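Quantities reported herein were computed from a predicted structural model and do not represent experimental measurements. Convention: sequence-line order gives letters A, B, ...; per-chain numbering from 1.
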There are 2 protein chains.
Amino acid sequence: MLELRLVQGSLLKKVLESIKDLVNDANFDCSATGFSLQAMDSSHVALVALLLRAEGFEHYRCDRNISMGMNLNNMSKMLKCAGNDDIITIKADDGSDTVTFMFESPTQDKISDFEMKLMDIDSEHLGIPDAEYHAIVRMPSVEFARICKDLSSIGDTVVISVTKEGVKFSTRGDIGSANIVCRQNTTVDKPEEATVIEMNEPVSLTFALRYMNSFTKATPLSNTVTISLSSDLPVVVEYKIAEMGYVRFYLAPKIEEDEDETKPQA
Amino acid sequence: MLELRLVQGSLLKKVLESIKDLVNDANFDCSATGFSLQAMDSSHVALVALLLRAEGFEHYRCDRNISMGMNLNNMSKMLKCAGNDDIITIKADDGSDTVTFMFESPTQDKISDFEMKLMDIDSEHLGIPDAEYHAIVRMPSVEFARICKDLSSIGDTVVISVTKEGVKFSTRGDIGSANIVCRQNTTVDKPEEATVIEMNEPVSLTFALRYMNSFTKATPLSNTVTISLSSDLPVVVEYKIAEMGYVRFYLAPKIEEDEDETKPQA
DNA sequence: CTCAGATTTC
DNA sequence: GAAATCTGAG
């Protein structure tokens with residue numbers, strides 16, 4: 001028996017909006033500690049990891065560990081039927097091949113329940129080791145989203161370079177090239193507007209903007225985003241979910257020639 | 001060496017939005033007095049003239065006259081990457097085949113530079129003589145835009161007729177006909193809401209609405225628009241740019257039978 | 001000016 | 001279905 005009651009239902013709606021374009025089907029893993037998901041994107045390039053801790057739910061009952069395979073598109077369709085201030089409850093009976101989403105309007109005047117078929121999905125659950133990163137950048141999530149969107153109108157890849165002074169996002173395409181430098185800045189009025197750089201070692205890595213732009217769909221989940229970089233490790237783009245957990249996106253860097261190298265424009 | 005620093009960068013963004021649909025490629029001419037452009041639209045029917053005077057820039061350095069050929073679509077893509085309250089600096093080295101747009105956020109925490117390839121464009125620079133116009137109408141730019149949009153849902157051309165009392169915009173199409181009369185009105189609270197008519201001689205001219213609707217893309221540049229009309233001269237639709245100059249659109253009238261003539265809908 | 005909602009187009 | 005554009009609200 002599974003029953004998870006989430007007062008701020010809009011959180012779950014936003015989580016699904018942020019990952020459904022990247023992942024078609026995935027197993028939601030439910031244990032006593034929380035509700036989580038880990039899945040590769042459909043082209044097996046990026047990885048999504050979601051955690052919603054049990055403490056973040058108003059009521060959390062999970063009698064035994066269970067893995068529920070869902071089509072994220074269908075799940076998203078159902079969640080779209082919940083109001084933004086509805087309370088959402090996820091329910092599943094032991095051994096059942098369906099899951100039920102219940103939506104309660106704030107006034108309790110409207111109660112909906114949507115039942116969805118589960119599916120069998122084989123997933124390799126990768127252990128993601130905690131790594132030491134060369135550099136961790138925290139910045140306003142809207143600013144990161146804007147930068148990724150802007151650069152993708154010029155080129156296909158972004159080079160992210162971190163020094164103590166700031167983080168530089170660069171791209172190059174047919175019509176020209178672009179560099180955007182964000183200085184470290186901790187002296188703003190609100191902490192969520194700060195750009196903070198923790199750096200052990202300078203680092204410069206190249207990524208496909210297409211995936212970065214997918215990741216920024218999670219912007220509504222958090223005011224800030226954390227970008228963790230190490231040479232030859234996948235970058236981690238993390239959106240914290242207040243009081244509950246996170247959505248993290250992992251993407252391997254492109255192995256490329258030195259960006260300063262002069263090469264013919266093939 | 002060229003370096004033009006424009007504090008109100010949104011002006012340049014709006015200028016490009018207003019002309020990029022009309023003109024694909026154009027030479028920006030830079031001299032000690034200002035930054036200007038003159039170009040025919042791609043179908044060689046309308047003409048655009050832009051002037052941004054040197055005095056409107058916070059810093060203006062132009063060592064020698066230079067003509068820079070740009071693809072306006074690509075330039076617009078880059079300017080879209082500037083924030084609306086960014087400071088924009090246009091830079092070019094002597095003899096360089098690129099131009100650089102630098103964007104500084106108001107807090108100086110984000111500095112972007114975009115480099116764009118220049119192109120060779122042969123342009124006939126037409127001398128546009130200052131003419132005496134039979135009638136000059138000044139009216140709120142949003143009102144003019146609304147009229148052109150509304151009329152284009154009925155017909156393809158607009159007849160603009162000016163008398164002392166007011167200006168009449170008429171069209172006719174398959175589904176019917178329409179006349180919109182704006183009376184002279186100088187007694188409004190704000191001068192930019194006035195409709196003012198200076199008339200030496202009544203005039204009535206026909207224009208393609210398709211172009212008029214293109215011109216009204218410049219509406220965000222100014223609260224008012226000036227429409228200058230003479231028989232057998234191109235109409236001038238002018239949007240003043242505060243403290244700096246203007247964007248002017250020229251369009252030849254259609255030579256047509258009397259508008260009241262009943263003719264088969266070919 | 002930014003955010004969100006709505007609309008339109010690909 | 002998604003992206004871009006436009007509009008109204010805060």
Give the rounded distance in Å between these two atoms: CZ of A:Arg146 and P of C:dT2. 8 Å
Rounding to a whole Å, what distance do you find between B:Lys14:NZ and C:dC1:P? 7 Å
Centroid separation B:Tyr239 to B:Phe215 less than 6.0 Å: no
Heavy atoms, side chains only, cut-off 4.5 Å: are A:Ile90 and A:Phe28 in contact? no
Check whether any side-chain N or O of A:Asp86 sits under 3.5 Å from a backbone N or O of A:Ile88 as a donor-acceptor pair, and report yes or no. no
Going 5' to 3' along nucleotides 2-10 of chain D, which nucleotides have protein heavy atoms under 4.0 Å from the base (write B), which only from the sugar-phosphate (write S), and which from neither (write -)? SS-S-----
Output field: ring centroids B:Tyr60/B:Phe35 closer than 6.0 Å: no
Quick one: does any side-chain atom of A:Ser141 pair with a main-chain N or O of A:Asn223 as donor and acceptor, under 3.5 Å? yes
Value in whole Å for how far the P atom of C:dT2 lies from CD of A:Glu192: 16 Å
